[in-house]
There are 2 protein chains.
Amino acid sequence: MNEDLYLRNPEETELGRRILKHSVELIYKLGFEDFTFKKLAQVIGSTEAGIYRYFENKHKLLIYITAWYFGWIGFQISYQTNNIEEPKVKLQKIINLLSSPIEDDKQTSYIDESLLHPVIVAEGSKAYLTKQVSANNKLNFFQPYKDLCSLIGNVILEYNSNYKFPKSLASTIIEVAHFQNFFMHNLSSLTDFTRKGKETEIVEFLNDLVFSCIDRN
Amino acid sequence: MNEDLYLRNPEETELGRRILKHSVELIYKLGFEDFTFKKLAQVIGSTEAGIYRYFENKHKLLIYITAWYFGWIGFQISYQTNNIEEPKVKLQKIINLLSSPIEDDKQTSYIDESLLHPVIVAEGSKAYLTKQVSANNKLNFFQPYKDLCSLIGNVILEYNSNYKFPKSLASTIIEVAHFQNFFMHNLSSLTDFTRKGKETEIVEFLNDLVFSCIDRN
DNA sequence: TTTTTATGATAGTAATGCTATTATTTAAAA
DNA sequence: TTTTAAATAATAGCATTACTATCATAAAAA
């Protein structure tokens, strides 16, 4: 994790891990706007000032959580596509992992990925939709997102080296997987997905979308 | 415009129109997070309390502006595709209008669309990415977005009545047009667009994406 | 002309987003 | 084992934000 995202490394201490765990839970419960360090402090039985020793402000914490998610999902993707030869199968696996609600990864005791996924879907883009985006980008806060995008872009080129927009298609896969999920649950008339929680329909849509354009060129 | 979005209709009074005009300018300048009614009041030479007579809070104002944008762009699309027969040409026109920075529409003196477009690109999704999305949706705050989505979905079906995901593809066109624009300007390594401000590259990408999948099915 | 309506001016309050200080506990170094 | 440093808890405080309320005045309708 990028050291400029925190003041004290939250993964190294008990309190730090409690901050991570419960901030995901509390953002899930309240939404990022109503989430405050004071409320978080109450939940974990610490103090506001205590949390400020780890994170400069709640926006940095959101960026940290988002970066953590993209790092983690990037690892999952690398790991699960590692021994796959066919780029087509790789891409399908990627679409699946990005679209489907995730089971808790037992490896990381301090973050519940099944809550992290909806948090990223609803709040993740707020990490970069700010006036500070360029400054934050210079500090490499979005590196895990960029790495994932690059990884997916390379699989796309493996499949079809003539395709002209591998990176844009990669970021489109990530974003579409997330906001179609949000729309399905909250603004369903913006989608064709009939049943809430049926993420397989998003997978079907994305597979059709992606392979249509990279099969053709 | 949905009457539940405001306390007093801002389009009907001079002060109201000043609120709209300068809120777009100030959100463009400061970003939505740093935008406050107090700052806006200073800019327009009124008071905080004066603005609260028009809008309950700044989030309602953002929803209003977003709804206004989608209403306006929906009208532009209807108007400019009105006499076009070919659904293919219609869709291309739609992609163009959604992707390109917009010249100020002289018809609407109180809103500068050339500023509104980047504001929607950067801030628009915050209008619905909240815990109140379902409650707000019940009050039809997002109707103009839904109407636009439905309009585009119908053009897609005109082109190919067998395509399975017209609404999801429609919302994808809208969202992709906006966030690829944001990425191009702020996180360019997430795209393949080499030159900032070259929205024609986004148009090319989207045309390829859209027609690939609806040509095939 | 009266009366409603919109605006301006001012005050005030609870919550938020911090910073600072000191005391206490915990853990590592000597 | 003692010393000392580091981490945490407890508390206070402050500027700003996000509102609400009140009252005076100006302009427009009745």
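Convention: sequence-line order gives letters A, B, ...; per-chain numbering from 1.
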- request: Take the protein atom CG of B:Leu15 and the nucleotide atom C1' of D:dA27, then report the distance between them rounded to whole Å.
  value: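 One finds 14 Å between C1' of D:dA27 and CG of B:Leu15, rounded.
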- prompt: Which comes earlier along DNA chain D counting from the 5' end, the contact point of A:Gly16 or that of B:Lys39, where each point is its nearest nucleotide?
  reply: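 Comparing both residues, the 5'-ward one is A:Gly16.
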task: Round to the nearest Å and state the distance from A:Ile19 atom CD1 to D:dT8 atom C1'.
output: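 Taking atom C1' of D:dT8 as the reference, CD1 of A:Ile19 is at 11 Å.
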query: CZ of A:Arg8 versus P of D:dA5: gap in Å, rounded?
result: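 Distance check: A:Arg8 CZ to D:dA5 P gives 17 Å.
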message: Can you classify the ring geometry of B:Tyr128 versus B:Phe142 as parallel (below 30°), tilted (30 to 60°) or perpendicular (above 60°)?
response: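 Aromatic pair B:Tyr128/B:Phe142 classed perpendicular.
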query: Could you state the CD-P distance from B:Glu33 to D:dT17, rounded to the nearest angstrom?
result: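 In whole Å, D:dT17 P and B:Glu33 CD are 13 Å from each other.
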- prompt: Excluding sequence neighbours, so at least two apart, what forms side-chain hydrogen bond (donor to acceptor under 3.5 Å, both in side chains) with A:Tyr64?
  reply: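 For A:Tyr64, no residue satisfies side-chain hydrogen bond (donor to acceptor under 3.5 Å, both in side chains) once neighbours in sequence are set aside.
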query: Hey, would you say the B:Phe179 and A:His178 ring centroids sit under 6.0 Å apart?
result: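 Here the rings of A:His178 and B:Phe179 have centres that are no less than 6.0 Å from each other.
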query: Can you tell me how far C1' of D:dT17 sits from CG of B:Leu30, to the nearest Å?
result: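 To the nearest whole Å, that distance equals 14 Å.
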Check against side chain to side chain donor-acceptor pair (under 3.5 Å), B:Lys146 and B:Asn137: CA-CA 10 Å; B:Lys146 292 185 195 172; B:Asn137 186 33; 2.7 Å; yes
field: Interatomic distance, B:Lys38 NZ vs D:dA15 C1' [rounded to whole Å]
entry: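 Rounded to the whole Å, the gap is 10 Å.
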- prompt: Whole-Å distance between D:dC19 P and B:Phe55 CZ?
  reply: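 Interatomic distance, CZ of B:Phe55 to P of D:dC19: 14 Å.
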- prompt: Looking at B:Tyr28, does the NZ or CZ of A:Lys131 lie under 6.0 angstrom from its six-membered ring centre and within 45 degrees of the ring axis?
  reply: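 Yes, a cation-pi geometry.
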task: Give me the first and last nucleotide of DNA chain C, going 5' to 3', that has any atom under 4.0 Å from a heavy atom of chain A.
output: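 Contacts span C:dT16 to C:dA20, reading 5' to 3'.
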query: Does A:Arg53 have a side-chain nitrogen or oxygen under 4.0 Å from the phosphate oxygens OP1 or OP2 of D:dT8?
result: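 For A:Arg53, the contact criterion (side-chain N or O under 4.0 Å from OP1 or OP2 of D:dT8) is not met.
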- prompt: Would you say A:Thr47 reaches D:dA9's phosphate, i.e. side-chain N/O to OP1/OP2 under 4.0 Å?
  reply: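 Checking D:dA9 against A:Thr47, no side-chain N or O comes under 4.0 Å of OP1 or OP2.
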message: Does D:dA18 have its OP1 or OP2 closer than 4.0 Å to a side-chain nitrogen or oxygen of B:Lys58?
response: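 It does, given that an N or O in the side chain of B:Lys58 lies less than 4.0 Å from OP1 or OP2 of D:dA18.
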field: Nearest-Å distance for atom pair CD/P, residues B:Glu48 and D:dA18
entry: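 Interatomic distance, CD of B:Glu48 to P of D:dA18: 9 Å.
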query: In chain order, what residues pass the salt bridge (charged side-chain N to carboxylate O under 4.0 Å, His left out) check against B:Glu56, with sequence neighbours excluded?
result: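 If we apply the salt bridge (charged side-chain N to carboxylate O under 4.0 Å, His left out) test to B:Glu56, skipping adjacent residues, the hits are B:Lys60.
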message: Can you give me the closest heavy-atom contact between B:Cys149 and B:Ala170, atom names plus distance?
response: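 Between these two residues, the closest heavy atoms are O-CB, 3.4 Å.
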- prompt: For D:dA21, does OP1 or OP2 lie under 4.0 Å from any side-chain N or O of B:Tyr52?
  reply: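 For D:dA21, OP1/OP2 do not have a side-chain N/O of B:Tyr52 under 4.0 Å.
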